[in-house]
There are 2 protein chains.
Amino acid sequence: MGDVKREVARAINLMSDNDLRVTPEREAVLEVLAENIGAHPSAEDIYLATMERHPGIGLATVYRTLDALERVGIVSKLELGASGSRYELNTDVGGHFHHHLICIGCGRITEFNQDLLEHLEKEIEDSTGFQITDHSLRFYGYCAKCREAAKGGETSRS
Amino acid sequence: MGDVKREVARAINLMSDNDLRVTPEREAVLEVLAENIGAHPSAEDIYLATMERHPGIGLATVYRTLDALERVGIVSKLELGASGSRYELNTDVGGHFHHHLICIGCGRITEFNQDLLEHLEKEIEDSTGFQITDHSLRFYGYCAKCREAAKGGETSRS
DNA sequence: GTCTATATGAGAATGAATATCACTTTCGAT
DNA sequence: ATCGAAAGTGATATTCATTCTCATATAGAC
Ligand SMILES: [Zn+2]
Ligand SMILES: [Zn+2]
Ligand SMILES: [Zn+2]
Ligand SMILES: [Zn+2]
């Protein structure tokens, strides 16, 4: 599961580098994020988990912290529309270059790695004059588990 | 600008095919959508424009209409998080296979066409068992106009 | 330690989107 | 054409994620 302490220490250094104050609340949020890499928790998830570690923290502080961390690149925010956003710590290894598979059956979010967009970005910048600073690639569909469940449900009925 | 009447007629046929009732309100929304291809209007934009054509329509009806049309594939919804969603009519030609360049300076949304994801989807389905039904590819950055404005601002100051 | 900009907690406010409900309309069957 | 059930509508209340407000507390530079 990666080294939680190391990830937190790394993030704290980045905070100082970016003139963000290191508070107990922010450290608690970072620990939660580091312990949940790959889980893509919501702000509410993070709030509840942080509560166990730092009782009394306010939900607004969690939002403010996530926002501050996102602005300096320590976390990524995955906006999912109506159902709210999800957050993830940008780990040192492979942090930024993965995309998401979003299951519309169960809501689970998995990842896959792929470059492939780099040279496409160059092409777009050259042909349109649009300067790209970020991108988002998502695939929606049904995860293996949901497909299995649907299959089971159908066969058991016929 | 394409043929507005033809697009509306095509959409109305699709509505009937999908057991959606054709009402004056929905026709008015469709006309607005057909007249604004490429503009990526918000629900509020569509509401205001539809008002001119069908005074008294309710905002909720616009939302319900857009939702119904999206469910049967007549319109696409582009979820932009905090700033609300944008909608567009899926035209017959090239309707579905374009992606978006979203300017974080002025908010304008432009498009670019590209296949490229088809064979990647196959690869993902084979390697993960995830069945893909839809995808979303977006690039964020600064459009040519905003880059020009920023450049002008800088040089005029130094 | 002092000081100032910044962060925090509690709860109010925001705003896009949805739900509710009484009433109206569509459209296939008669 | 007309009838009736199912679906759609307008006005408005409600939801819910996120942001704002403001009084208080604290981090971090000196
Ligand atoms: Zn699933
Ligand atoms: Zn991820
Ligand atoms: Zn722009
Ligand atoms: Zn578009």
Side-chain angles (χ1 to χ4, degrees), chain A residues 8 11-30 32 40-72 74-87 107 109, chain B residues 11-30 32 40-72 74-87 107:
Chain A
V8 172
I12 288 176
N13 282 338
L14 287 172
M15 287 180 69
S16 298
D17 292 350
N18 287 279
D19 298 311
L20 287 183
R21 289 187 181 170
V22 179
T23 68
E25 292 84 1
R26 291 176 172 185
E27 289 189 86
V29 168
L30 280 173
V32 167
H40 302 92
S42 67
E44 186 79 19
D45 293 336
I46 295 165
Y47 168 63
L48 293 174
T50 306
M51 270 294 215
E52 294 173 12
R53 187 178 300 280
H54 187 100
I57 191 173
L59 178 55
T61 296
V62 172
Y63 274 105
R64 282 183 294 228
T65 297
L66 292 170
D67 187 55
L69 294 176
E70 196 212 355
R71 280 200 305 269
V72 300
I74 295 174
V75 311
S76 289
K77 180 181 183 180
L78 188 52
E79 299 192 338
L80 295 186
S83 61
S85 296
R86 308 301 193 81
Y87 299 85
I109 299 173
Chain B
I12 288 177
N13 282 337
L14 287 171
M15 288 179 70
S16 299
D17 293 349
N18 286 279
D19 298 312
L20 286 182
R21 292 187 179 169
V22 180
T23 69
E25 292 83 2
R26 289 176 173 185
E27 289 188 87
V29 168
L30 279 174
V32 167
H40 302 93
S42 67
E44 186 77 19
D45 293 336
I46 295 165
Y47 169 63
L48 293 175
T50 305
M51 269 293 215
E52 295 174 10
R53 187 177 301 279
H54 187 101
I57 191 172
L59 178 57
T61 295
V62 172
Y63 273 107
R64 283 182 294 226
T65 296
L66 292 170
D67 188 54
L69 294 176
E70 195 211 355
R71 280 200 305 270
V72 300
I74 295 174
V75 311
S76 289
K77 180 181 182 180
L78 188 53
E79 298 191 339
L80 295 187
S83 60
S85 296
R86 309 300 193 82
Y87 300 85

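Remember, predicted model here, so these are calculated numbers, not experimental data. Naming: A, B, ... by sequence-line order, numbering from 1 per chain.
The side chain to side chain contact (heavy atoms under 4.5 Å, CB included) test with Ile74(B) is passed by exactly one of Thr65(B), Leu66(B), Leu30(B), Asn18(B): Leu30(B).
Residues forming a salt bridge (Lys or Arg N to Asp or Glu O under 4.0 Å) with Glu79(B) (at least two apart in sequence, or on another chain): Lys77(B). Listed by chain and residue number, His40(A), Ser42(A), Leu78(A), Leu80(A), Ile109(A) satisfy the side-chain contact (heavy atoms from CB on, under 4.5 Å) test with Arg86(A) (two or more places apart in sequence, or in another chain). Looking at residues two or more places apart in sequence or on another chain, you find a side-chain contact (heavy atoms from CB on, under 4.5 Å) between Glu25(A) and Thr23(A), His54(A), Ile57(A), Thr61(A). In this structure, Arg21(B) has no salt bridge (Lys or Arg N to Asp or Glu O under 4.0 Å) partners at least two apart in sequence or on a different chain. Residues that satisfy the side-chain contact (heavy atoms from CB on, under 4.5 Å) test with Ala68(B), not counting sequence neighbours, are Leu20(B), Arg26(B), Arg71(B). With sequence neighbours left out, Leu48(A) forms a side-chain contact (heavy atoms from CB on, under 4.5 Å) with Glu44(A).
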Please step through side-chain contact (heavy atoms from CB on, under 4.5 Å) for the pair Val72(B) and Leu14(B), ending with a clear verdict. CA-CA 8 Å; Val72(B) 300; Leu14(B) 287 171; 5.9 Å; no
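Closest of all the heavy-atom pairs between Ile46(B) and Tyr87(B) is CD1-CB, 3.9 Å. Taking every heavy atom of both residues into account, Ala43(A) and Val62(A) meet most closely at O-CG1, 3.9 Å.
Along DNA chain C, the nucleotide nearest Glu44(B) and the nucleotide nearest Val22(B) are compared for position; the residue whose nucleotide lies closer to the 5' end is Glu44(B).
Between Tyr63(A) and dT18(D) there is a side-chain N or O to OP1 or OP2 distance below 4.0 Å.
Between the P atom of dT19(D) and the CZ atom of Arg71(A) lies a distance of 10 Å, rounded to the nearest Å. Leu59(A) has its CG atom 14 Å from the P atom of dC20(D), to the nearest Å.
One distance of note links CD of Glu27(B) with CZ of Arg53(B); it measures 11.0 Å at 0.5 Å rounding.
Of the residues in residues 77-87 of chain B, those placing a heavy atom less than 4.0 Å from an atom of DNA chain C are Gly84(B), Ser85(B), in numerical order.
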Dump every N/O contact between nucleotides 7-9 of chain D and the protein below 3.5 Å, one line per pair.
| from | atom 1 | to | atom 2 | distance (Å) |
| --- | --- | --- | --- | --- |
| dA7(D) | O4' | Arg21(B) | NH1 | 3.1 |
| dA7(D) | O4' | Arg21(B) | NH2 | 3.3 |
| dG8(D) | OP1 | Arg26(B) | NH1 | 3.0 |
| dG8(D) | OP1 | Arg26(B) | NH2 | 3.1 |
| dT9(D) | OP1 | Thr23(B) | OG1 | 2.6 |

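Helix bend of the helix from dG1(C)-dC30(D) to dT30(C)-dA1(D): the angle between its two end axes, each built from five pairs, comes to 40° after rounding to 10°.
On the nucleic acid side, DNA chain C has its first and last nucleotide under 4.0 Å of a heavy atom of chain A at dA5(C) to dG11(C), going 5' to 3'.
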